[in-house]
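Every value quoted in this text rests on a predicted model; they were computed, and no experiment measured them.
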Amino acid sequence: MRLSKAFIPTQKEMPADATIPSHQLMLRAGLMRQLTAGVYAYLPLGYRAMLKAMQILREEMNAIGGQEFFLPALNPEALWIQTGRRNVPNFILSIKERDLVLAPTHEEVIAWIGGMHIQSYKDLPQIWYQIQTKFRNEPRPRSGVLRGRQFIMKDSYSLDRSFEDLDKSYEDHAEAYRKIFARCGLKFFEVKASSGAMGGSGSQEFMVESESGEDTVALCEKCHYAANMEIASSNVSPIGRLHDGERVEEIHTPNVRTIDQLAAFLKVDQSRLAKSLVYRHDGKPLLILMVGNDRLNESKLVAALGGGELEPIEAGQLEALTGADGGSIGPVGLKGFRIIADKRLEGANNLISGANRNDYHLANIDLQRDVAVDGYFDLRTIEDGEPCPQCGSRIKISHAIELGHIFKLGTKYAEALNVSYLDENGEKKPVVMGSYGIGVERIIACHIEQSRDEHGIIWDKALAPYAVHIVAVSMNNKDIVLISNQLYNKFSDEGVEVLFDDRPNVSPGFKFKDADLLGMPFQIIVGEKGLKNHQVEVKRRKTGDRRLVPVGDVVKDVKKMLHE
RNA sequence: CGGAACGUGGCGCAGCCCGGUAGCGCACUUGCUUGGGGUGCAAGGGGUCGCGGGUUCAAAUCCCGCCGUUCCGACCA
């Protein structure tokens with residue numbers, strides 16, 4: 001492509017609305033433009049990079065036996081009502097004029113097709129995938145293309161006879177994902193993840209570490225332990241039992257509201273304090289006991305409760321329900337509440353907690369003796385530096401971008417939409433499903449986050465819109481024009497994707513800046529200096545290395561480096 | 001959905017407090033110039049100041065409402 005004819009609107013100035021590096025560079029390099037919040041138009045250069053990523057996805061999905069579908073973005077609303085996902089908050093965008101919704105993912109449609117045609121164990125297994133636009137009712141799009149209302153996803157779905165077979169499909173996908181991200185030149189890691197509203201038995205995420213990421217992950221500095229904060233655990237010690245036998249006693253604690261105040265007032269360690277948190281779970285009062293200032297992890301809580309609706313109890317209702325306001329609530333003698341506790345408190349005694357009477361606390365609480373605890377669960381949010389649950393080394397907490405997520409769905413959708421088969425014994429069984437997604441825009445944005453400098457993007461050859469960028473230093477010099485045209489034609493003939501900056505009356509400096517901003521892996525600089533010796537300069541964008549190469553060897557040399 | 005900020009030629013911004021001729025840089029057009037890191041000079045074109053209402057002799061500027069965008073939080077398959 002000749003730059004003089006190309007639509008690649010680069011900008012020198014920083015776009016005001018872009019705050020993260022990938023977003024800024026995608027705009028400045030002319031990859032895309034924002035149409036409205038969370039919705040982007042991809043310009044030719046950006047679309048080329050996305051097509052590269054999609055081709056890699058396609059190849060690796062085909063390699064594990066995937067078959068590509070093209071599925072409708074418009075879905076009947078009834079289909080989503082059937083699986084109960086129509087009313088998942090912030091999920092579905094709908095069409096005003098019809099009872100249609102814009103598909104945010106395609107489990108439902110896949111299950112509908114499966115239900116129609118899967119009849120026998122002989123029809124299984126299947127891996128069905130698509131690379132298409134999905135829509136989501138994001139309350140707050142942000143970080144450029146990382147969280148949009150419209151985005152392209154590679155989604156695949158496995159249909160199996162059994163959970164054992166699902167394990168294989170799942171592993172095949174995990175392996176394919178590792179290949180995909182490695183081919184894209186991404187530095188990534190895998191974490192155990194929560195399956196959230198998707199349901200299902202197991203899931204892991206493929207992540208890229210990044211300050212700009214909205215996910216928080218826990219990574220062990222020594223071993224391979226890695227988990228999303230939603231489920232990460234650490235090896236903090238339980239509180240355990242001290243000496244036995246002391247009776248519960250009430251202590252006056254005027255104006256003490258927080259754990260910090262209580263510890264200071266009583267001059268005791270926070271680990272002997274049991275903090276009470278009150279929620280409504282499916283409308284019913286629930287009290288949760290945590291150690292001291294341990295933070296409750298709501299994802300873990302929802303998982304421990306087996307799902308359901310969770311909401312904090314309004315301050316106005318506290319006294320009516322417990323006899324006290326927040327700050328003086330505790331588990332002893334509390335009526336009408338289900339009580340659960342964090343695992344660190346299992347069997348603990350000599351605890352101090354609220355007395356359910358304002359300005360009073362109770363000491364010497366023994367959870368075994370004084371409280372009907374309805375289960376101990378890991379409910380706490382781990383902290384940076386805590387010991388790894390696997391090896392005891394330090395856990396580091398950092399931010400990451402979720403690139404891909406794989407789920408063992410099980411039979412949830414098969415049952416809701418009646419997808420079943422007859423096994424060898426003529427017995428009817430639900431199909432066991434898995435679902436596996438990768439965000440295409442996120443591949444591009446993550447790559448740019450990881451591979452850039454102050455001058456611009458540094459494309460990996462796998463995703464680069466063009467492999468080579470020829471810079472004709474001046475179009476007023478006949479030799480430069482001649483040689484750069486020859487090289488352009490030769491690269492094109494040899495199947496190398498090449499961009500040629502043949503713009504007349506654009507200064508060399510301007511062309512160099514644009515070439516660095518656009519970031520193709522190799523720049524071929526054709527100028528008077530080199531041509532004196534019948535040479536051109538080959539610059540490797542990644543390292544900045546420049547070499548003078550005889551004109552006749554350039555195409556061969558660069559092709560060789562592209563295949564390294 | 002709570003909190004905050006912003007909205008002025010294509011882009012980045014000033015002007016707004018203190019009402020009175022709409023401005024700067026980049027980009028664009030034309031000519032000359034320059035030609036290895038965003039050349040220089042000159043002459044141009046382009047804006048109902050987000051939208052609607054109000055106050056006023058007069059509103060980009062003050063007041064009210066709405067819309068949009070961004071950030072923090074909540075939420076997040």
Side-chain angles (χ1 to χ4, degrees), chain A residues 9-20 23-24 27-28 30 33-39 80 83 85 88-92 103-108 134-144 146-149 151 153 155 193-200 203-205 212-216 228-230 298-299 302 310-312 401-402 404-409 412-413 434-439 454-456 471-477 480-481 501 503-517 523 525-532 536-537 539 544 546 548:
Chain A
T10 59
Q11 341 184 117
K12 179 160 53 176
E13 297 196 70
M14 201 65 95
D17 283 343
T19 53
I20 70 167
H23 190 193
Q24 294 167 344
L27 293 169
R28 286 190 52 215
R33 289 294 180 265
Q34 178 175 318
L35 180 62
T36 183
V39 180
W80 291 82
T83 56
R85 294 211 289 178
V88 172
N90 304 328
F91 189 40
I92 290 182
T105 172
H106 282 83
E107 280 82 6
E108 276 74 359
K134 315 256 168 167
F135 301 86
R136 229 154 82 186
N137 186 16
E138 278 302 337
R140 175 143 108 78
R142 69 183 109 178
S143 303
L146 288 179
R147 179 163 290 277
R149 293 204 168 109
F151 52 93
M153 246 172 85
D155 238 3
S194 153
S195 30
M198 292 289 284
S203 89
Q204 57 190 303
E205 291 165 323
S212 310
E214 4 183 52
D215 280 88
T216 312
N228 194 302
M229 280 296 277
E230 292 173 350
E298 291 206 11
S299 304
V302 170
L310 198 67
E311 52 186 337
I401 300 165
E402 177 187 344
H405 200 157
I406 59 180
F407 294 93
K408 292 181 186 176
L409 294 176
K412 173 176 168 175
Y413 296 94
S435 98
Y436 316 88
I438 293 180
E454 68 272 28
H455 303 296
V471 175
V473 168
S474 166
M475 293 301 282
N476 294 330
N477 176 309
I480 294 177
V481 172
D501 195 344
R503 291 175 294 181
N505 302 319
V506 172
S507 72
F510 202 100
K511 291 188 176 183
F512 293 140
K513 291 284 186 192
D514 260 358
D516 285 347
L517 175 61
Q523 294 173 17
I525 299 157
V526 185
E528 268 176 54
K529 280 186 191 171
L531 286 187
K532 270 189 260 173
V536 297
E537 215 170 297
K539 174 179 163 184
R546 300 148 177 270
L548 283 166

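- On the P atoms, B:U61 is 10 Å away from B:G20, given to the nearest whole Å.
- In this structure, CG of A:Asp501 is placed 15 Å from P of B:G38, rounded to the nearest angstrom.
- Annotation: B:G9 and B:A22 have their C1' atoms spaced 11 Å apart (nearest Å).
- Between A:Arg142 atom CZ and B:U69 atom P the separation is 15 Å, expressed in whole Å.
- If you check every strand for non-hydrogen atoms under 4.0 Å, A:Asn505 touches a base.
- Contact annotation for A:Asp514: base contact, defined as any heavy-atom pair under 4.0 Å involving a base atom.
- Put simply, CZ on A:Phe512 and CG on A:Leu517 are 15.0 Å apart, with the number rounded to the nearest 0.5 Å.
- For the C1' atom pair drawn from B:G50 and B:U70, the interatomic distance equals 15 Å after rounding to whole Å.
- Closest to the A:Lys513 side chain, of the nucleotides B:U69, B:G38, B:G36, is B:G38.
- The residue A:Val506 sits close to a base: some heavy atom pair falls under 4.0 Å.
- Atoms CG (A:Leu27) and P (B:G10) sit 17 Å apart, rounded to a whole Å.
- When the side-chain nitrogen and oxygen atoms of A:Ser507 are compared with OP1 and OP2 of B:U34, none of them lie within a distance under 4.0 Å.
- B:A59 and B:G53 have their C1' atoms separated by 13 Å, given to the nearest Å.
- Taking atom CG of residue A:Asn137 and atom C1' of nucleotide B:A74, one finds them 15 Å apart after rounding to whole Å.
- Searching all strands for a Watson-Crick or G-U wobble partner of B:C24 with both distances below 3.5 Å returns B:G12.
- Distance alone, capped at 3.5 Å, places no donor-acceptor pair between the A:Arg149 side chain and the A:Gly38 backbone.
- Spacing between B:C18 and B:C63 at atom P, rounded to whole Å, works out to 10 Å.
- Counting only heavy atoms from C-beta on, A:Val473 has its side chain closest to B:G36 among B:U70, B:C26, B:G36.
- On the C1' atoms, B:C13 is 14 Å away from B:A27, given to the nearest whole Å.
- For the residue pair A:Gln34/A:Thr36, the side-chain donor-acceptor check at 3.5 Å is not satisfied.
- Here B:U69 is the nucleotide among B:C76, B:C75, B:U69 with the atom lying nearest to any side-chain atom of A:Thr36.
- Nucleic acid contact for A:Lys539: base, since at least one base atom lies under 4.0 Å from a heavy atom of the residue.
- Taking atom C1' on both B:G47 and B:G31, the two are 27 Å apart, rounded to the nearest angstrom.
- Residue contacts for A:Arg140: at a heavy-atom cut-off of 4.0 Å it reaches a base atom on one of the strands shown.
- Nearest-nucleotide assignment on RNA chain B puts the 5′-proximal partner with A:Phe510, out of A:Phe510 and A:Glu298.
- Taking atom CD of residue A:Glu230 and atom P of nucleotide B:A74, one finds them 13 Å apart after rounding to whole Å.
- Between A:Thr19 and B:U70 there is no side-chain N or O to OP1 or OP2 distance below 4.0 Å.
- Residue A:Glu537 places a side-chain atom within donor-acceptor reach of the base of B:G36, judged by atom type and a 3.5 Å distance cut-off alone.
- Phosphate contact (OP1/OP2 of B:G38, side-chain N/O of A:Gln11, threshold under 4.0 Å): absent.
- The partner of B:A42 is B:U30, by the rule that a Watson-Crick or G-U pair needs both atom distances under 3.5 Å.
- Base engagement by A:Arg28 is indicated by at least one non-hydrogen atom pair under 4.0 Å involving a base atom.
- Nearest to the side-chain atoms of A:Phe512 among the listed nucleotides B:G36, B:U39, B:G25 stands B:G36.
- With respect to A:Asp514 and A:Lys12, no salt bridge is recorded, no charged nitrogen being found less than 4.0 Å from a carboxylate O.
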Stepwise side-chain hydrogen bond (donor to acceptor under 3.5 Å, both in side chains) check, A:Ser203 with A:Glu205: CA-CA 7 Å; A:Ser203 89; A:Glu205 291 165 323; over 6 Å; no
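- Closest to the side chain of A:Ala16, from the set B:U69, B:G12, B:C71, is B:G12.
- Under the 3.5 Å distance criterion, with hydrogens and angles disregarded, no donor-acceptor pair is assigned to the side chains of A:Asn228 and A:Gln204.
- Look at CE on A:Met14: it is 19 Å from C1' on B:G10, rounded to the nearest Å.
- One atom, CE of A:Met475, and another, P of B:U33, lie 19 Å apart when rounded to the nearest Å.
- Comparing B:G25, B:A74, B:G38 by their nearest atom to the side chain of A:Pro139 picks out B:A74.
- Base pairing analysis places B:C1 opposite B:G73; the two distances defining the Watson-Crick or G-U wobble pair are each below 3.5 Å.
- Nearest-nucleotide positions on RNA chain B place A:Lys529 closer to the 5' end than the other of A:Lys529 and A:Ala18.
- Taking 3.5 Å as the limit, the base of B:C76 and the side chain of A:Arg147 contain a donor-acceptor pair of atoms between them.
- With rounding to whole Å, A:Gln34 atom CD is found 14 Å from B:G7 atom C1'.
- Judged purely by atom type and a 3.5 angstrom limit, A:Arg85 has no side-chain atom pairing as donor or acceptor with the backbone of A:Trp80.
- B:G19: no Watson-Crick or G-U partner with both key distances under 3.5 Å is found in any strand.
- A distance of about 7 Å separates the C1' atoms of B:A14 and B:C24, rounded to the whole Å.
- A donor-acceptor pair shorter than 3.5 Å cannot be found between the side chains of A:His23 and A:Ser143.
- Pairing of B:C6, defined by two Watson-Crick or G-U wobble distances under 3.5 Å, is identified with B:G68.
- For A:Glu13 against B:G25, a side-chain N or O and a base N or O form a donor-acceptor pair under 3.5 Å.
- For A:Asp155 and A:Ser435, the side-chain atoms include no donor-acceptor pair closer than 3.5 Å.
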